[in-house]
Amino acid sequence: MKLSECPIDFDVEGQQMHRLAAELFPLHRSVTGQAVRSTHEILSRLIPLTVTEVPSGTDVFDWTIPQEWRIRDAFIADADGQRVVDYADSNLHVVNGSRPVNAQLSWDELEPHLHSVPDQPTVIPYRTAFFRDAWGFCVTESQRDQLRRGGPWQVVIDAEYFDGSLTLADSQLGGSSDETVLFHCHTCHPSLANDNLSGLVVATHLIKHLQTRDLRLSYRFVFAPATIGAIAWLAHQPRSSLERIKHGMVLTLLGDSRPFVYKQSRRGNAIIDRLVPRVLYEIGQSHRVQSFSPTGYDERQYGSPGIDLPIGCLSRSVHGEFPEYHTSADNLDFIRPENLGQSLRACIEIVNGLEANVFPINRFPMGEPQLGRRGIFRAFGEQDDRGLFQSAMMWILNLADGEHDLLSIAERSGLPLNVINDAIEIMSTHGLIDTSCISDRERFRRYCDVARFVEGRSPPDHT
Amino acid sequence: MKLSECPIDFDVEGQQMHRLAAELFPLHRSVTGQAVRSTHEILSRLIPLTVTEVPSGTDVFDWTIPQEWRIRDAFIADADGQRVVDYADSNLHVVNGSRPVNAQLSWDELEPHLHSVPDQPTVIPYRTAFFRDAWGFCVTESQRDQLRRGGPWQVVIDAEYFDGSLTLADSQLGGSSDETVLFHCHTCHPSLANDNLSGLVVATHLIKHLQTRDLRLSYRFVFAPATIGAIAWLAHQPRSSLERIKHGMVLTLLGDSRPFVYKQSRRGNAIIDRLVPRVLYEIGQSHRVQSFSPTGYDERQYGSPGIDLPIGCLSRSVHGEFPEYHTSADNLDFIRPENLGQSLRACIEIVNGLEANVFPINRFPMGEPQLGRRGIFRAFGEQDDRGLFQSAMMWILNLADGEHDLLSIAERSGLPLNVINDAIEIMSTHGLIDTSCISDRERFRRYCDVARFVEGRSPPDHT
Amino acid sequence: MKLSECPIDFDVEGQQMHRLAAELFPLHRSVTGQAVRSTHEILSRLIPLTVTEVPSGTDVFDWTIPQEWRIRDAFIADADGQRVVDYADSNLHVVNGSRPVNAQLSWDELEPHLHSVPDQPTVIPYRTAFFRDAWGFCVTESQRDQLRRGGPWQVVIDAEYFDGSLTLADSQLGGSSDETVLFHCHTCHPSLANDNLSGLVVATHLIKHLQTRDLRLSYRFVFAPATIGAIAWLAHQPRSSLERIKHGMVLTLLGDSRPFVYKQSRRGNAIIDRLVPRVLYEIGQSHRVQSFSPTGYDERQYGSPGIDLPIGCLSRSVHGEFPEYHTSADNLDFIRPENLGQSLRACIEIVNGLEANVFPINRFPMGEPQLGRRGIFRAFGEQDDRGLFQSAMMWILNLADGEHDLLSIAERSGLPLNVINDAIEIMSTHGLIDTSCISDRERFRRYCDVARFVEGRSPPDHT
């Protein structure tokens, strides 16, 4: 597996991902409900998905699965039935999770239930009322003005809560090792494109790509409503299954054109935390790194102290820090095919780095092996970066002691991951390097022990 | 206990401390003798003090308690009995610990026994002759000139050494834990105000303050002559008593107007070393930090390799580095009530930080607990810094794993100690946090174990 | 042993070393052969050397000792027998290790066997053909021009390979401890002065110096052909012998006038890695430090993962990075007596630092010992840097806990190594310090235990 030789046309992938996002965009997703299921159905045309329904009332750690929410219609209309605010225009108009209402209200009565963004007068904000008894409408500033000047208003939200379930989906790809990489996307946002249709479509195409490969690691993709969905998923995992998760990222906000942001896992120095910035640098993607904080997306749940998994978050914009965040401006124009393509590429390169991250072991650890007679320099002859390859070879031989993985060798030598990976493969072919998936000091010691000191000298001391 | 809500008028305290220093100022303290006892008597009107007399000849580690020194009079007079230098004017005139002398001396004979400061001609220096057979006078430059032009001189020091004792005093305040904080002041300096009456009066008022509080930690205040006094005190402690001392500071030079200086303990990374600069920063006191060195005050003895306690030193000026040091210019004008008040406040805030420095434990460590239903956001509603409180709450929940104390949470989150402390208290009231005085990974594990995974899934793996 | 008081005239030593290099210069050294033996014979007039012959065909780790190479004559001549290129002029003319040839060749046939340096037209490069079946000539650009314009050419290399041996030499100096310091020089380069006659002559004079001293540590000097020689030497050592090697350096490129370069051992933080830059700084030699890399000289073999000894490399120029490298410009004019003298001094000071690097133990670890009655300040009285000595004394007493060696004390205190060393010696004489060659926390604990707490207090807790 070459780290940077994926036969993928990221332009084409980007366009496909954007079209998929466009298909998902109109669905009125919420923490629970039919639109999440429809989202899974659309994705399952492309990838295998296992769907889990968690019934209302189920306890999941400190939480209880709420009733399911269903909405049919909602509007604010004048005495003539003329709708000033209409759910049919945008599902953002209704505060997500609103209780039903059907009343005639004056402006003063209506106003506390309205949400708009004064300094962005043309956008509809996205607001939620989960886990509390409330209702409301989200409107533009001009709608608010119009409502203020009129009334009384007929206010209808034709919604209901009922015993149903919360819906999770999960996709697994087995590799030769049960060391598992987890990717997580939240699925509960309605017509918002970057947050988080971008994550969903990148994850979907990443799964499609992984299905074409022989994998060393196992992969787990989780699609779940934010917070309670992630908690419900975690609460349903056997602890042993969680313990196999060694790396992971939340994928979100991957469609806009800003530079990448990698937010570290709670541990801060996990392999994923060290690998992602290096990969982004090596593929020429400008980026910045944020240390972990307990706010943001569902890395919060994976990073809660009783779970404490090494799950970071890859995004471009940052949660809550861009003007389009949680407004109707986070639409299909805001995400671009080329950016989705770049994001997919970044994910694939990160996977490549994880796949390649073995602990090479030098089979001839006493002094340098004699490379000349093995023709190994000729094996590098066709490479562009022959000098880099020779340097990589020397560094690998030097550090392949069962305590350095590929990432550590890259960090110490300053050489690119893919050059080291290729050199390990060639040297493995030539019998110089034994590769192992795990740190293996013992196997290295055995190679040391079989290296023969000159007869008559060493044996007396060796025992 | 709120970290920064002490109902104390530091202006009033400052004036009281300055008056106390003025009362102590005239006493002619030395390594041994009556003036140290009188000093303790004055302080014991305000605070409980246990006095220990260590008899002359007692071995204390590598040292032996010397004979006690007593002085009645001293002068240099001309043939007419006119005193040019008179002990009655300043006890600094006599080299502290001088052997007796009564002789008529020419200028040439007298001169080797005179001390003055050429570049500070109007001050009397402070010099000592402990542990050696010597005598001398400390004079201004103009006195030196006058003596040079005259003679022979009648030189009298009416002093004596006799079997007596060295005097220590100690004040203890028990808390609910035997984890002990030690404060140390040296008591052997005569009429010098900053060095160290300032330390004595701040320590005394700190004790007065602590007597009004319910304390979690225990406190120990040591008043002892420099070096041998500290060594004598240490030599009299059971080793188990020393082992209970987990934090501490030498208090000295706290009355002048320079910014605070915190000198780290020998360990350099003890809790006290990390806490003090953070507290000074949070209360807006400019300060600098010095790493440990084996010169200075009695942090040297606490930091000797066989003792090695985490005792730093809090001061404003630095030992030996200010012009008034060990001269008659270190007088009652040099220390100011407002500075003494600030110093007391700094000490109290440091104590507050130590008192608050528990290891909080998250009772719901798997995923985030559901905060909404607990009304905890309303509990923060009256606070000024509601945003900070929410951030603190999330950080505390995330780090309350039995391995992070309050200080570590502040360091990682960048939030103020008192906000974290208040948030811990509110969350404790709401049953979210269990507080423990010590690192308690085991208790945390129990909360993890009782968090129920969804039935039928987790148990098989859990055993 | 004073760190910087060596009664050595480094000017004289420098001239002697340069004359020795001049004597060694003409010999046509190779990986094997008579010239290496002659080199050892010349050195053995000055120092004790143990020579080992390793027969052709011996397996040494992954390598096999090759046949021995012998050359008698070589030239390129025109039809008249006029030699254009003559081995007698410079042994660099023949590619080192060339197979024999005797043929008449056209320019086109000859050209692939010629080596020159276009941008250094007047120099002869140094090229090798070890371990492969090849031959060639190294020429100046003007020789190349002349050859191009003529032909056919009579081309003769009168050389042969035969079953013989590879020659190693070794010099050992025993000290009171078997903790061993290793110095390594490569011996296989023909008429090249800096690379590596400079290393050979500095090592030789370092041995001469060490023979005059009482040594605490043991020393081992290895003279061996590059790569296979070092590997052969390692393969012949009992493992226990390698384990005694605690410090070391490869010595090479020590005759030019560039500032010193210290290349760290693979470990990067070994005592030698921390000591060498400090010593160079203290003796006023500008220098830079390079981190380890698996290219360069035989530190590669000592730093191979199965050997992993703390062996750095001391040089002035850097391997491959100076224009004279591996050309006829690396001649006796390129190395200067004064530079060789400085290099010897640096090596001796490094040895001094290693010799002095004990773990002092404070015999009076509880509080400060009473220095006044021991007259120890008078012992410093004749020193120039009395203030430094007092500071050193306080730091040593503070850190002499069996966990800090002299180097650690220097690092923490910022004081010079030789001041600390002298202070340790004086304090040892006065019974304050016990010196030990190794970290000795247990001995320190015993001094703590015998320090008597005041009777009646401590014993109950002490058990």
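All heavy atoms count here, side chains included; hydrogens, waters and symmetry mates do not. Just so it is clear: chains get the letters A, B, ... in the order the sequence lines come, proteins before strands, and each one is counted from 1.
For chain C, the nearby parts of B:F292 are the backbone and the side chain; heavy atoms of each come within less than 4.5 Å. Of the atoms belonging to B:L234, it is backbone heavy atoms, and not side-chain ones, that fall under 4.5 Å from chain C. With a threshold of 4.5 angstrom between heavy atoms, B:R266 approaches chain C through its backbone and through its side chain. Within the 4.5 angstrom heavy-atom criterion, only side-chain atoms of B:L242, from C-beta onward, approach chain C. Looking at C:L399, both its backbone and its side chain come within 4.5 Å of chain B, counting heavy atoms on both sides. No part of C:R363 comes within reach of chain B, as not one of its non-hydrogen atoms sits under 4.5 angstrom from that chain. Neither the backbone nor the side chain of B:S291 comes within contact range of chain C; no heavy atom of the residue lies under 4.5 Å from a heavy atom of that chain. Only the side chain of C:F444 comes within less than 4.5 Å of a heavy atom of chain B; its backbone N, CA, C and O stay farther away.
Residue C:D214 qualifies as open at atom CG: its count of foreign heavy atoms under 6.0 Å is 12 or below.
With hydrogens and angles ignored, the 3.5 Å screen pairs a side-chain donor or acceptor of B:Q301 with a backbone N or O of C:E368. Judged by distance alone, the side chain of B:R300 and the main-chain N or O of C:M394 form no donor-acceptor pair under 3.5 Å.
Interface check for chain B: of the options C:S413, C:P369, C:G402, C:S391, the most heavy-atom pairs under 4.5 Å are formed by C:P369. Of the listed residues C:N362, C:D401, C:N398, the one with more heavy-atom pairs under 4.5 angstrom with chain B than any other is C:N398.
Salt-bridge check for C:R373 with B:D62: passed, with a basic side-chain N closer than 4.0 Å to an acidic carboxylate O.
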| message | Before you tell me yes or no, could you show the steps for B:T227 and C:Q370 under side-chain contact (heavy atoms from CB on, under 4.5 Å), namely the whole-Å CA-CA distance, both residues' side-chain angles and the distance that decides it to 0.1 Å? | response | CA-CA 10 Å; B:T227 307; C:Q370 190 181 5; over 6 Å; no
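Considering all non-hydrogen atoms of both residues, C:C448 and B:G306 come closest at SG-CA, 3.7 Å. When every heavy atom of B:S304 is checked against every heavy atom of C:G367, the shortest pair comes out as OG-N, 2.8 Å.
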